[in-house]
Amino acid sequence: AAVTCTNAGGFTHWNIRNISWYHNTANQGSGKTTALTNAMNSWTNVTSANHVLTYAGTTTAGWSTDGRNTILWANGNGCTGSCLALTALVLQAGQVIVETDITFNNTVTWTTSGANYDTESVAAHELGHTLGIHHTEITSSPRPTMYAIYFGSGGRSLETDDRSALQCAESRY
């Protein structure tokens with residue numbers, strides 16, 4: 001059953017408007033700035049979006065609870081085998097997100113051209129998780145970015161279900 005925007009259990013959500021992201025360029029992270037920025041802009045540019053996702057520069061920080069939102073490429077971090085990427089949320093009381101990190105599976109070959117595996121598509125999906133959005137159950141075409149299984153560069157653009165989910169999550173902000 002779907003969870004309504006007014007569900008008493010609430011949603012994970014940020015209590016701040018501006019969310020900055022740091023990019024660890026080690027491993028396959030180099031050359032990915034434009035893809036990551038485009039994915040951030042997809043969510044920032046949603047009509048009525050309350051959040052602004054910003055590329056804040058590079059870091060050597062890793063997958064850790066350190067108060068910094070980091071995107072990195074690594075082996076492990078809970079993302080192995082067929083896992084393409086994984087998002088971790090750090091929550092405080094009331095389901096408030098205070099930090100998130102995204103790890104891309106470094107054993108996969110990543111591209112920025114739209115070919116498999118497309119960095120921007122997967123980043124858009126994972127950034128949706130960082131905003132408190134779960135996987136969608138919608139399977140129609142065009143498929144929403146928050147669909148649970150990778151489906152290529154079509155994940156670069158947000159669909160109605162993705163935008164509605166963001167507006168619902170932000171209604172708790």
Side-chain angles (χ1 to χ4, degrees), residues 2-24 29 32-57 59 61 63-72 77-79 83-105 118-138 142-151 153-173:
V3 176
T4 63
C5 288
T6 56
N7 183 287
F11 290 83
T12 56
H13 62 282
W14 291 89
N15 276 346
I16 60 171
R17 176 175 163 78
N18 298 307
I19 306 164
S20 298
W21 289 93
Y22 293 87
H23 174 197
N24 185 325
K32 304 295 192 291
T33 304
T34 299
L36 297 176
T37 301
N38 289 346
M40 290 175 202
N41 289 340
S42 292
W43 290 105
T44 298
N45 293 335
V46 170
T47 302
S48 304
N50 290 324
H51 293 101
V52 176
L53 281 62
T54 305
Y55 183 93
T59 184
W63 179 259
S64 63
T65 304
D66 58 6
R68 178 176 294 219
N69 302 315
T70 304
I71 300 173
L72 67 143
N77 294 339
C79 184
C83 170
L84 295 179
L86 184 72
T87 296
L89 304 177
V90 178
L91 302 175
Q92 289 183 341
Q95 302 266 60
V96 176
I97 304 167
V98 294
E99 177 190 345
T100 68
D101 288 348
I102 299 170
T103 185
F104 281 77
N105 186 340
D118 184 59
T119 302
E120 184 178 337
S121 296
V122 175
H125 177 93
E126 295 303 321
L127 286 165
H129 287 316
T130 73
L131 293 169
I133 301 170
H134 295 277
H135 291 143
T136 184
E137 295 176 8
I138 304 280
R143 190 162 283 166
T145 297
M146 295 311 297
Y147 186 69
I149 299 169
Y150 177 77
F151 59 97
S153 62
R156 288 181 172 195
S157 63
L158 303 183
E159 303 306 329
T160 300
D161 188 63
D162 301 311
R163 293 187 298 271
S164 295
L166 177 63
Q167 291 160 343
C168 181
E170 287 188 341
S171 70
R172 307 293 293 180
Y173 169 62

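Residue numbers run from 1 in the order of the sequence given.
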*Rounded distance (nearest 0.5 Å) linking atom CD1 of Ile97 with atom CG of Leu91*: 6.5 Å

*Hey, what do you get for OG1 (Thr87) to CD1 (Ile133), rounding to the nearest 0.5 Å?*
11.5 Å

*Nearest 0.5 Å please: distance from the CG atom of Leu72 over to the NZ atom of Lys32.*
13.0 Å

_Which atom of Trp21 lies closest to which atom of Ile71, heavy atoms considered_ = CE3-CG1, 3.7 Å

*From Ser164 OG over to Glu159 CD, what is the distance, rounded to the nearest 0.5 angstrom?*
11.0 Å

_Side chains of Asn105 and Leu84 in contact at under 4.5 Å (non-hydrogen atoms)_ = no

*Looking at His125 and Thr145, what are the two nearest heavy atoms and their distance?*
ND1-O, 2.7 Å

*Starting at OH of Tyr55, measure out to CG of Asn41 and round the result to the nearest 0.5 Å.*
13.0 Å

*Side chains of Trp14 and Leu131: does their closest heavy-atom pair fall under 4.5 Å?*
yes

*What closest approach, in Å, do Asp101 and Arg68 show between heavy atoms, and which atom pair accounts for it?*
OD1-O, 3.1 Å

*Could you please spell out the steps behind the side-chain contact (heavy atoms from CB on, under 4.5 Å) verdict for Gln167 and Val46?*
CA-CA 9 Å; Gln167 291 160 343; Val46 170; 4.1 Å; yes

*Do you know the tightest heavy-atom contact between Trp43 and Leu53?*
CB-CD2, 4.4 Å

*Counting only N and O atoms by type, is there a donor-acceptor contact under 3.5 Å from the side chain of Asp162 to the main-chain atoms of Met146?*
yes

*Hey, mind stepping through Val96 and His13 against side-chain contact (heavy atoms from CB on, under 4.5 Å) and telling me if it holds?*
CA-CA 5 Å; Val96 176; His13 62 282; 3.9 Å; yes

_From CZ (Arg163) to CG (Leu158), nearest 0.5 Å_ = 7.0 Å

_Taking Thr103's backbone N and O only, do any of them form a donor-acceptor pair with Asn77's side chain (distance below 3.5 Å, no angle check)?_
no

*Glu126 vs Thr130 side-chain heavy atoms within contact, under 4.5 Å*: no

_If I compare all heavy atoms of Ala61 with all of Asn24, which pair ends up nearest, and what's the gap?_
O-ND2, 2.8 Å

*If we only count heavy atoms from C-beta on, is the Glu99 to Asp66 side-chain gap below 4.5 Å?*
yes

*asked:* Ignoring hydrogens, what is the shortest heavy-atom contact between Thr44 and Ala49? Give both atom names and the distance.
replied: O-CB, 3.6 Å

*asked:* Does Thr33 form a side-chain contact (heavy atoms from CB on, under 4.5 Å) with His23? I'd like the steps, not just the answer.
replied: CA-CA 8 Å; Thr33 304; His23 174 197; 3.8 Å; yes

